[in-house]
Amino acid sequence: MYIDKKMNKNLLLLFGICMLLVTTSCTNFLSEDNKSDIVADSYYKTKDGYEKLVNSTYAQLRTLYGNSEDVWMYTAGTDVFWRGRSDNNDDKGLSSYEGLTPTNDIVNQYYKDSYHAIQIANTAVYFNDKTADSPNLKKRLGEVKFLRALFYFNLVRQFGGIALVDNRINEPVVSFKRSPADSVYSFIINQMNDALNDVPEANDPGRIDKRTVRFFLAKVYLTRGYQKFGSDSDFKQAAQYADNAINGQKPDITFKQLWFPGNGMSSGVIFSVQYSGSSIQDPASDGNIQNYFFSPYLGGEGQVDGYPYRSHTLFPDKYTFDLFSQYDTRLENTFMTKYYSRYYDYFDKNDNLGDLDVKYYYVPQWAENDTTQWRAQDPVHRDSTVIVPYDSLTPNLSFESYHGAPLPAPVKKFDDPTAVFSNDGSSHRDIILARLADAYLVSAEAYYKQGDAQTAADRINVVRKRAAESGHTSDMTITANQVDIDFILDERARELLGEYHRWFDLARTGTLVDRTKKYNRNVQQWFNQGINPFKGAGGNLKLLRPIPQTAIDLNHSEVEQNPGY
Amino acid sequence: MLVMTSNLYAQNNTVSGTVTDAKSGDTLPGVNVMVKGTTIGTSTDADGKYSLNLSTSTDTLLFSFVGYQKKEVPIKKRTKINVELTSQTVSGQEVIVVGYGTQKKQNLTTSVSSIQGDKLAKTGSVNPLNGLQGKVAGADITANSGRPGANFNITIRGKTSLTGGNTPLYVVDGVITDNISFLNPQQIKDVSILKSASATAIYGSRGSNGVVIIQTKQGEGKAGQLSISYNGYVGIRKVARMPKFMDGTRWWEFRQDAYITDALATNSSYDNKVGGLSNSQVLTQRVQNKNYTDWTNYFLKTGVQDNHYISINGVTSDNDINYNIGLGYQNVEGNMKGQEYKQYNLKAAIRTKIADKWTGGANINMSFENNDLGNHHAVRTAYRMSPLVAPYDSVGNLLFKPGKYAGIGFTSSVNPLMDIQNTDNNVHTINGLGNVFLEYNPVQWLQVKTSFHPEFGNSRHGIYWGPQTDERDLRDGAADLSKDQSLSYIWDNKITATQDYGDNHFDLLGLFSMESHNHEGSSISVSDLPYNSSFYNLGTANSYQDVGSYYRKTSLMSFMFRVNYSYKDKYLLTISDRWDGSSVLSSGNKWAMFPSVSAGWRLSNEKFLNGIDAISELKLRASYGITGNNDVNPYSTRILANTQTYYDYGGSLAKGFAPSGVANRNLTWEKTHEFDAGLDFGLYNERVSGSIDYYNKLSDKLLLDRQLPLETGAGSITDNIGSVRNTGVEVSLNTVNILSSDFRWETSFTFAKNHNKIVSLYGNNQDDVGNGWFLGRPINVDYTYVFDGVWQQDQQAQAAKYGQTPGQARVKDLNGDGAITSADRKIIGNPEPSWTGGFSTELDYKGWAFSASLSARQGVLVNSPFHSEFLDLNDRGRAKLDTDFYMPSNNVTPTHITNTAPQPHNMGPYWTEVVAYQNASYVKVDNIRLGYTLPTRFVSQLGISNLHIYLNVQNPFVFTPYNGFDPQWASQPIWSGNNVNSYVNYQLGINLKI
């Protein structure tokens with residue numbers, strides 16, 4: 001086994017050469033080799049990379065409107081919905097205010113998501129003049145500036161003055177000062193004006209165009225008009241932008257058609273958060289959750305029996321149902337007033353509804369005395385129908401049902417019959433943020449605030465006539481002297497129920513306390529015990545959301561908390 | 001080889017025999033055999049045989065051999081005397097494995113614990129860490145699951161990192177690896193646990209959490225010897241210590257109570273519809289006939305556990321080649337249906353002389369694991385099933401949703417039995433690591449060694465859910481498939497030198513090392529599979545949810561030296577330093593230095609102690625060292641465009657890539673500074689030995705995921721913020737209580753107490769309540785309200801002030817402001833043990849061997865998801881832990897006035913905040929083992945040199961106040977499939993050597 005001395009030397013030599021080779025070749029040994037990811041700075045400077053950055057700015061809309069936090073922030077604690085089974089403190093805080101604190105996770109998440117979205121928009125603005133030239137660059141700048149302004153518009157309405165961050169942050173920054181609300185509004189208007197200049201009259205479907213910007217400018221001015229730093233000219237501007245957004249268009253599709261699944265991009269829509277089956281990874285969770293909140297739990301077998309998963313949280317109450325008068329088609333097109341044997345039959349067999357058995361019928365107030373006749377109209381399909389009397393429509397406790405009929409009547413306008421049965425975002429219907437009818441109502445409110453009740457009534461009537469049962473338009477028409485803020489708010493509730501405007505509407509018009517005290521049973525409970533649930537620290541009212549405690553803790557600047565917290 | 005002396009008498013008596021090792025049964029060549037009081041003697045030959053001619057047969061023979069206890073045997077006229085010698089631990093002479101080398105125990109100046117492989121194997125564990133429980137002072141080891149193939153968590157000397165891992169560095173045959181669960185305990189030669197920073201500083205940037213060095217078995221023995229051995233056991237795994245759930249009667253009462261509560265609150269009537277009984281005739285019957293289902297009978301079973309290991313060990317007759325080949329198989333079938341773990345091992349080691357002064361060798365350890373993880377939904381739903389629902393319908397078919405059968409309106413949960421039947425969840429893992437080396441000894445005192453250590457890993461995880469599963473709920477099947485592979489290598493080049501200058505002894509070590517770790521993988525999720533092709537035909541799916549792949553690479557370059565100096569074996573000094581350069585940090589921050597120094601003073605070698613016979617060893621030692629932690633994700637110092645987003649414009653897909661956030665270019669090494677002082681002692685000729693250590697370590701520039709202000713929109717970055725101090729004492733004590741020629745009794749104790757506290761945070765020294773980090777307190781604390789019983793009926797008015805009603809759980813208003821707010825929370829405990837300890841004992845009497853070991857973990861308050869789940873008294877459809885809940889008087893069910901648990905369906909807002917905090921301290925008997933070694937004379941006729949048969953029981957007893965499953969996995973989520981039943985293993989095994 002022993003080898004001679006020559007071998008010994010050879011081994012030594014080999015060993016030496018190896019060492020030398022390796023040690024000289026290791027100058028790059030410690031540099032990073034990243035094959036799967038691309039460094040942001042170089043990618044966003046390419047044409048394609050920049051488009052991807054803009055796309056991801058749009059995608060933030062899904063985060064800010066598609067998740068459960070968003071539903072709470074936009075619609076909970078208002079006159080039209082009360083809180084069902086949800087017992088946790090975060091939900092309670094947002095729906096009845098008493099327990100609303102700076103540690104509320106939903107508020108925290110919303111704040112965090114908003115600034116995350118803003119930062120992506122900032123990055124897109126930053127790279128706009130550094131990226132490869134392309135004919136789209138100007139409109140893309142307008143688009144991302146608009147989106148950023150929209151994110152700020154939501155923030156300023158929820159939180160009042162907040163930190164204005166409009167630069168790209170690429171290193172740890174630890175100090176941010178709150179800007180006063182009026183500067184935030186100026187920034188928003190300023191950015192939206194830039195956008196109006198940059199985006200085309202008609203953009204690709206789903207993208208920001210001039211009409212969208214005009215619509216939102218109208219809303220921004222309308223909202224600012226109510227602020228203490230606002231002025232009458234704000235209402236004037238609001239009316240003007242709203243009318244520009246309307247651009248003479250009359251509603252040309254019915255309320256039913258507008259909300260029927262599959263009609264996402266109809267003429268009634270100005271701008272919506274886009275969803276489609278192809279742009280969703282996990283059909284059980286990557287869609288939006290708008291179809292999930294506003295109704296009772298319908299049971300655990302929806303996958304088989306053909307009905308949606310419902311969270312049993314935000315319930316329309318008596319006030320909400322009372323809003324609708326006879327001849328207003330929006331009641332039956334907002335709620336599933338007739339529940340066929342399969343819930344989804346209404347959508348899937350809509351052309352042949354007459355051939356189907358009605359399982360439950362949530363009878364409207366005005367038809368309550370007529371149920372015998374209603375059955376008699378079609379005994380074959382209505383004999384065994386459970387008719388839910390109007391009085392029983394809104395239960396005292398959650399999880400009550402009326403002879404098997406879930407209570408209250410389910411909200412159907414957001415239903416997606418193609419959605420997977422899931423307790424997470426499964427709807428891939430668009431979330432409508434701006435639509436023609438809303439533009440009419442914004443215009444109406446702006447004229448009313450300027451003292452022009454007649455034009456206000458005219459605008460409102462356009463919306464109401466469209467909603468009228470055929471042959472009953474005159475029953476739905478109103479006169480100028482019927483117009484007041486309460487009427488406008490009622491009309492907005494009828495038209496826009498569940499559309500993520502309600503908390504803003506009440507906050508803007510300063511009616512949050514009064515209307516929830518009057519109509520929201522969770523808030524009423526407190527008032528009934530002699531406690532004003534809005535009254536917080538120092539006796540101040542909680543009319544804005546609390547700045548999240550984590551935001552205050554992490555910020556090295558001194559941050560003033562909002563009143564009441 | 002006969003040694004004769006001159007004064008011979010008449011040689012008329014001959015005595016002969018064989019000398020063997022008492023433990024292994026190996027024959028011992030070269031043993032000195034003398035007639036007592038004479039110079040007559042001989043020594044044994046290569047086969048351990050001796051023969052002596054004597055003048056008288058009444059003398060006494062004296063057997064002596066280096067490393068063995070002397071033995072005197074009177075001849076008593078016998079002609080054949082076989083003798084077994086017991087090996088003797090010579091004080092401090094054991095060789096201990098330390099970083100990049102070995103050291104005699106007597107010369108150690110740092111804190112290192114060493115355990116022999118056979119001690120691990122004796123516990124009958126599948127996972128090597130399992131066998132270490134309670135045996136190493138300062139190593140806190142717990143199982144994280146009751147499923148087969150479970151992993152074990154180990155924390156050495158307390159937690160350091162706030163967010164990152166606290167796992168030690170594992171070094172297997174020189175290869176740095178993520179875990180050691182792929183090793184069969186049978187293939188392990190020894191385990192060294194380096195605890196103090198002075199010991200781990202040699203591993204520089206990765207030494208902060210301690211180092212576990214494992215040597216696998218190598219070819220060894222005497223020239224020309226070949227042995228084949230088989231070690232194995234078969235066993236059963238029985239469900240044990242099940243939590244006490246409500247039986248049917250109790251549950252039905254609870255269910256009714258939950259209804260009555262609502263009715264009482266609204267003053268509505270409740271007589272006839274209580275519990276939802278009227279809806280279902282089947283349910284009415286079951287309640288009347290007390291026909292209840294114990295679901296555990298259906299989904300739990302007795303499992304099996306076995307381990308078989310064959311090895312061939314030998315040395316060629318010219319003493320040039322040593323080899324060891326091993327083949328192993330372990331199988332654990334879990335108690336939960338669908339959970340099974342199999343492990344196959346292959347090991348081969350060879351070492352050979354290549355030329356004069358040159359030695360080479362290679363060593364590989366390969367494993368193949370096949371792990372059926374079962375269905376994690378089913379684990380949860382199985383335990384949730386109420387005793388009033390049954391898995392089968394009236395004709396014996398499995399029900400899909402038993403809670404919905406025949407009008408029973410309990411829960412829509414899918415039948416766990418069906419769920420399990422229709423799910424595949426399988427992980428295949430192949431691991432290989434090893435080394436090839438070349439050693440050059442130009443002169444006797446100098447050695448140059450280069451070794452290359454490759455490691456590869458390949459794992460495939462496939463999941464299939466059929467339509468009849470909870471996941472799919474009758475939709476077509478879905479599947480996930482992910483594959484990961486890793487390829488790493490370490491190249492070490494080492495120079496060692498040993499020199500004596502008079503009384504001065506020097507050991508020098510120099511090292512240059514390069515290593516690279518590559519990981520890549522891919523994954524895909526699909527749904528709507530048209531037929532059951534498990535996860536083997538994803539192309540047939542109608543819908544693809546997720547497709548992904550990744551690549552990660554890190555590299556490290558190091559230089560290191562170490563000097564050991566001793567003077568007269570009395571004064572010991574070790575100095576080492578390591579420089580590490582890492583790819584994960586940005587340039588300018590890549591390199592760091594990790595020095596250490598340690599010193600020892602062997603008082604037992606001083607003259608002033610020479611006269612004291614009781615002291616055989618006494619050494620004082622002290623050390624100081626700096627170690628690092630570079631547990632940073634690669635590429636975290638640059639902003640990447642890697643956050644994929646999804647959107648569409650009017651239906652046309654618009655994927656996006658958002659920036660990864662804010663990068664931290666200044667990221668640098670986390671460093672731990674540790675001082676350790678210790679005392680090693682041996683008394684009464686090592687009958688009592690042990691050590692005591694005190695340590696104080698400060699981990700600074702802690703690598704921590706730090707939240708940036710929300711306004712940056714960036715979430716968190718990894719940053720060096722804050723510091724944590726761990727101080728503690730460790731004691732280990734080994735006593736040989738009885739030692740005679742055929743009776744030996746040994747016991748050992750370990751004890752460790754660690755105190756952990758956060759010293760600074762974020763530089764501005766503020767508590768971070770959000771993350772639960774408080775200055776001066778341990779890293780992990782339980783921060784919540786203080787449970788104060790249940791609001792009683794007569795406290796209605798007082799309860800109302802807090803917005804509560806009688807029956808609800810009450811918590812203390814700590815600041816007395818008349819309201820329960822977040823300010824009423826406090827630290828009520830912490831999940832890390834206040835002390836850990838172990839005890840083990842071995843008794844050998846003739847061929848009999850009895851051993852037992854025990855480990856303890858005390859002062860543990862965990863957040864137990866089990867209790868959140870099974871003491872959720874709001875829910876009324878699922879099984880519950882049997883607890884004494886509150887129930888006011890009503891006209892249907894019994895009244896319970898208690899402060900233990902609130903009223904069903906009226907828990908109040910704080911019950912969920914307090915119910916999960918449970919004392920999970922325990923004292924556990926790890927194993928009890930009784931074995932018998934068959935007499936050599938009996939087995940040698942069968943050509944067997946040693947045969948040992950034993951019975952072993954694992955986890956026979958656990959003493960704990962925790963009433964969920966095993967307290968070890970009390971903090972595991974209930975839906976992970978990890979939080980499952982405790983069990984006891986009964987094993988019957990043999991060790992056989994040819």
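Being a predicted model, the structure only gives us computed values, none of them experimental. Lettering of chains follows the sequences in order, A, B, ..., and the numbering in each one begins at 1.
In this structure, the portion of A:Ser272 lying under 4.5 Å from any heavy atom of chain B is its backbone and not its side chain. In this structure, chain A has a heavy atom under 4.5 Å from the backbone of B:Ala663, while its side chain stays farther away. Residue contact with chain B, scored on non-hydrogen atoms closer than 4.5 Å, involves the side chain of A:Val420 exclusively. Neither the backbone nor the side chain of A:Asp204 has a heavy atom closer than 4.5 Å to any heavy atom of chain B. Both the backbone and the side chain of A:Ala551 come within less than 4.5 Å of a heavy atom in chain B. Of the two parts of B:Ile717, only the side chain, counted from C-beta on, holds a non-hydrogen atom closer than 4.5 Å to a non-hydrogen atom of chain A. Both the backbone and the side chain of A:Val39 come within contact range of chain B, with heavy atoms under 4.5 Å apart. For A:Leu61, the part sitting under 4.5 Å from any heavy atom of chain B is the side chain, from C-beta outward, and nothing else. Looking at B:Leu585, neither its backbone nor its side chain comes within 4.5 Å of chain A, counting heavy atoms on both sides. The contact between B:Ser582 and chain A is made entirely by backbone atoms, counting heavy-atom distances below 4.5 Å. Proximity to chain B (any heavy atom under 4.5 Å) is shown, for A:Arg178, by neither the backbone nor the side chain.
Taking CG from A:Asn34 and CZ from B:Arg638, the interatomic distance works out to 9.0 Å, rounded to the nearest 0.5 Å. Atoms CG and CG, from B:Leu640 and A:Asp37 in turn, are 5.0 Å apart once rounded to the nearest 0.5 Å. Atom-to-atom distance recorded for B:Arg552:CZ and A:Glu32:CD is 12.0 Å, nearest 0.5 angstrom. Atom CG in A:Leu53 sits 9.0 Å away from atom OG1 in B:Thr645 (nearest 0.5 Å). With rounding to the nearest 0.5 angstrom, the CD1 atom of A:Ile118 is 11.5 Å from the OG1 atom of B:Thr712. The OG atom of B:Ser587 sits 10.5 Å away from the CG atom of A:Leu30 when rounded to the nearest 0.5 Å.
Taking all atoms of both residues into account, the shortest heavy-atom contact from B:Tyr647 to A:Val273 is OH-CA, 3.7 Å.
Chosen from B:Ser527, B:Ala658, B:Gly651, the residue pairing most often with chain A at heavy-atom distances under 4.5 Å is B:Ala658. Taking A:Ser56, A:Gly206, A:Pro172 one by one and counting their heavy-atom pairs under 4.5 Å with chain B, the maximum is reached by A:Ser56. When the candidates B:Ile639, B:Thr643, B:Val584 are compared by the number of heavy-atom contacts under 4.5 Å with chain A, B:Ile639 comes out ahead. Counting heavy-atom pairs under 4.5 Å between each of B:Leu708, B:Thr912, B:Asp719 and chain A puts B:Leu708 at the top. Top candidate by heavy-atom pairs under 4.5 Å with chain A, chosen from B:Ser652, B:Ser583, B:Gly661, is B:Ser583. Heavy-atom pairs under 4.5 Å with chain A peak, among B:Ser660, B:Ser549, B:Gly581, B:Ala714, at B:Gly581. Among A:Ser36, A:Ser278, A:Ser42, A:Ala40, the residue with the largest count of heavy-atom pairs under 4.5 Å with chain B is A:Ala40. Per-residue counts of heavy-atom pairs under 4.5 Å with chain B were compared for A:Val165, A:Asn108, A:Ile120, A:Asn170; the largest is that of A:Asn170.
Of the charged side-chain nitrogens involved, none lies within less than 4.0 Å of a carboxylate oxygen, so that A:Lys35 and B:Glu520 do not count as a salt-bridged pair.
Side-chain contact annotation: A:Tyr111 with B:Glu711, donor-acceptor N/O pair under 3.5 Å present.
Aromatic pair B:Tyr649/A:Tyr58: centroids less than 6.0 angstrom apart.
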For this session: Show your working on side chain to side chain donor-acceptor pair (under 3.5 Å) between B:Asp546 and A:Gln281 and close with a plain yes or no.
Result: CA-CA 6 Å; B:Asp546 196 6; A:Gln281 274 198 297; 2.8 Å; yes
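Looking only at distances, no side-chain donor or acceptor of B:Arg475 sits under 3.5 Å from a matching main-chain atom of A:Gln303. A donor-acceptor distance shorter than 3.5 angstrom exists from the side chain of A:Asn55 to the backbone of B:Lys655, with no hydrogens or angles considered. Looking at B:Tyr646, its side chain never comes within 3.5 Å of a backbone N or O of A:Ala59 through a donor-acceptor pair.
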